[in-house]
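Take a look at the structure below.
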Amino acid sequence: MRLRILLAGLTILLTGTLLPAQISGDVMGVHNLGPGSKSPVTGARPDSCAYCHAPHSGLNTGLWNQKLTTQVYTVYGSNTEKNKGAQPTLGSDSNHCLSCHDGTVAVGQTVAYGTVTINGQMSAADKFNNPTGNLQSSHPFSLTLPLQDNPGLVATLKSNGTTADPTGAVKLIKGNVECTSCHDPHVQAKDLVSQNFLVKDGSNGQLCLACHDPSRQVSGQVNRLADWSTSVHAVATSNKISPQALLGSYPTVAADACISCHAPHNAGGTAALLRGQNEQDCIACHNGGSNISSMAPYANVFAEYATPKVGHPFPGMTGSTGQHDANETVLLNNNRHATCVDCHSAHGSQAVGIFPPPPLIRVSQRNVAGINASDGTSSLTPAINQYESCLRCHGASSTKQTLTIYGYAPVRAISAGDPLNLIPQFAVTATSSHPVMHARSSSLPQPSLLPNMLNLDGIKQGRAMGTQILCTDCHNSDDNRESGGSGANGPHGSRWTHILERRYEFSHAAAPGQLISNLFPNPDLSVIGPYGLCGKCHDLGNQIVKNTSWRQHARHISDGFSCSTCHTAHGMGAASGAISGERLVNFDLNVVATNGSVLSYNHAANSCVLVCHQEAHNPDGTVTPASARRGPVVRK
């Protein structure tokens, strides 16, 4: 019994030593400006409270003693906010704070005691962009009343003027958001980690979630914070943050929560109070550097943009014409860009543990918007299928571009208007297409299809060959982990053209019908060969070169022609009597020319009429030199 009592006492002693209680009293910390204090700013008066308050002759609000600032501010604003900022009222809580923290009034300019001699100076981090009065990069406060509701806000802010903080520490001041809603100027260390005069422990986003509600659902409106509680950024307790990263006060990504990405004061820019603008905010962690420990190798997304790889055009890259805007239309007309948040929601994105079957979107893209493929313009929030996200740019949007940095672009014989609009190419009405937007439905035999896709090593079997595939089955990082690599999944960047997962060659000719300059004779059919991408799903060695689907495959491949000379990779957006579109046959007009005035393909007869590589394929099935003056040379 005595031993139990001793052990219990020891446990209490250790617990008290290792887990100090939160400070709740009047402990001013660096707001104690008296001589000999630990504040970087100290004054000659020994009575610490007198720098802010005077028991007699102070200003009438809180016995205030510091001279009030009359600075006119440029306040935070965005095109998604409903609560607009206003100038802080003279004598309000926020005006009191700004009388030291906007840098326009020197500390020690008192009402009752005149100018007090001051030593030291405030750090730049403690000032709001002195002396311009620019508050655009700080959280809005002193809002225009009455407060307006918003799907991402706690409903009681509007309905009864209270926050969701169960302790009541985070509160509205006279119905408004003020500095003292989040900060207690008299107690520096209620939060023992973030000793920034917070009204309570701010870890795991507690202060932010007092006013911002990710779980709220309002009919017909999008909550941009949805699914935060299960997102990877909210649950990443093992991802340690280096103090040198300056990403927040807490040791892990989960504990930092909102402030891993957002800075409530003096953010990197005005957009959403991000520490770094757009993709720079994400790169601070997803760059494989020392800022975050315990991150999986595939979380190093920025590696996919390193030379010689080429990635999607985020702002600043060739081909980008704009920045992401939180209020932009889902269909990206006249505004080509591909920032991280165009394809990922930082609030809803989850770590991919299991890859769902096509065409479903990955949970790493949870809650992103997409485009309805049935009409090409209406938005889907959130997108259900992966291709719907891609159609924001690769569907009916205007001013799409063909950029040389992504590689050669074929010109197809049959095209439905806009050759960069993938919707008609993949539509169920297409005479043939890869089964991205609809399940495989061809009545023709497909003997070359493998039972399973091959991983990047060309040996190990990957996902079973179902009736539908994803955009990312072809357009993907060249070392993605879904196909057996260690890199990030998705079309971030690749060393292969068009952000393709594997090598895929395009034939080039000086002019249509002329000699092809990049033949690949006696082809390498391995995973690193010129047909590597096609070999992911199609059995090249046992089927294609044995002519099981077309009797001339072996000859053309042995001569070194690329698949792209005859086949479109996406689908037939239109058809004609001469080229009906079976088996994705749609000739590249940069390589192939008409024979006389005829360019045709007859699937039933396994023949075509055209001129390619200075050889004429004739209607009678013969092949002759295109410039021959003698009798035809017949190839059997």
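- In summary, the side chains of N455 and Q461 do not present any donor paired with an acceptor at a separation below 3.5 Å, with no hydrogens or angles considered.
- At distances below 3.5 Å, at least one donor-acceptor pair connects side-chain atoms of T163 with backbone N or O atoms of V170.
- Contact check on R392 versus D342 returns a salt bridge, with a Lys/Arg side-chain nitrogen under 4.0 Å from an Asp/Glu carboxylate oxygen.
- Between the side chains of T472 and Q386, at least one donor N or O lies within less than 3.5 Å of an accepting N or O.
- No hydrogens or angles considered: a donor-acceptor pair under 3.5 Å links the side chains of D126 and S123.
- With no hydrogens or angles considered, a side-chain donor-acceptor pair links H337 and E328 at under 3.5 Å.
- Separation of atoms NE2 (H475) and CD1 (I499) is listed at 8.5 Å; rounding is to 0.5 Å.
- R495 and D479 are not joined by a salt bridge, as no carboxylate oxygen comes within less than 4.0 angstrom of a charged side-chain nitrogen.
- Other residues, nucleotides and ligands contribute more than 12 heavy atoms inside 6.0 Å of the CG atom of L449.
- For D227 and H347, the side-chain atoms include no donor-acceptor pair closer than 3.5 Å.
- The shortest side-chain heavy-atom distance between N489 and F355 falls under the 4.5 Å cut-off.
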Pair W228-H233, side chain to side chain contact (heavy atoms under 4.5 Å, CB included): steps then yes or no:
CA-CA 8 Å; W228 163 256; H233 295 123; 3.8 Å; yes

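- Using modelled atom types and a 3.5 Å distance limit, the side chains of R412 and S564 yield a donor-acceptor pair.
- Looking at E501 and S483, their side chains do bring a donor and an acceptor atom within 3.5 Å of each other.
- For the pair D165 and K171, the salt-bridge criterion is not met [side-chain N within less than 4.0 Å of a carboxylate O].
- No donor-acceptor contact under 3.5 angstrom links the side chains of T74 and Q136, judged on distance only.
- Under the 3.5 Å distance criterion, with hydrogens and angles disregarded, a donor-acceptor pair is assigned to the side chains of S374 and N372.
- Using a 4.0 Å cut-off between charged nitrogen and carboxylate oxygen, D473 and R502 do not count as a salt-bridge pair.
- A salt bridge does not link R503 with D478: every distance from a Lys NZ or Arg NE/NH1/NH2 to an Asp or Glu carboxylate oxygen is 4.0 Å or more.
- Closest of all the heavy-atom pairs between Y298 and G487 is CB-O, 3.2 Å.
- Between H438 and S433, the side chains place a donor N or O and an acceptor N or O closer than 3.5 Å (distance only, hydrogens not considered).
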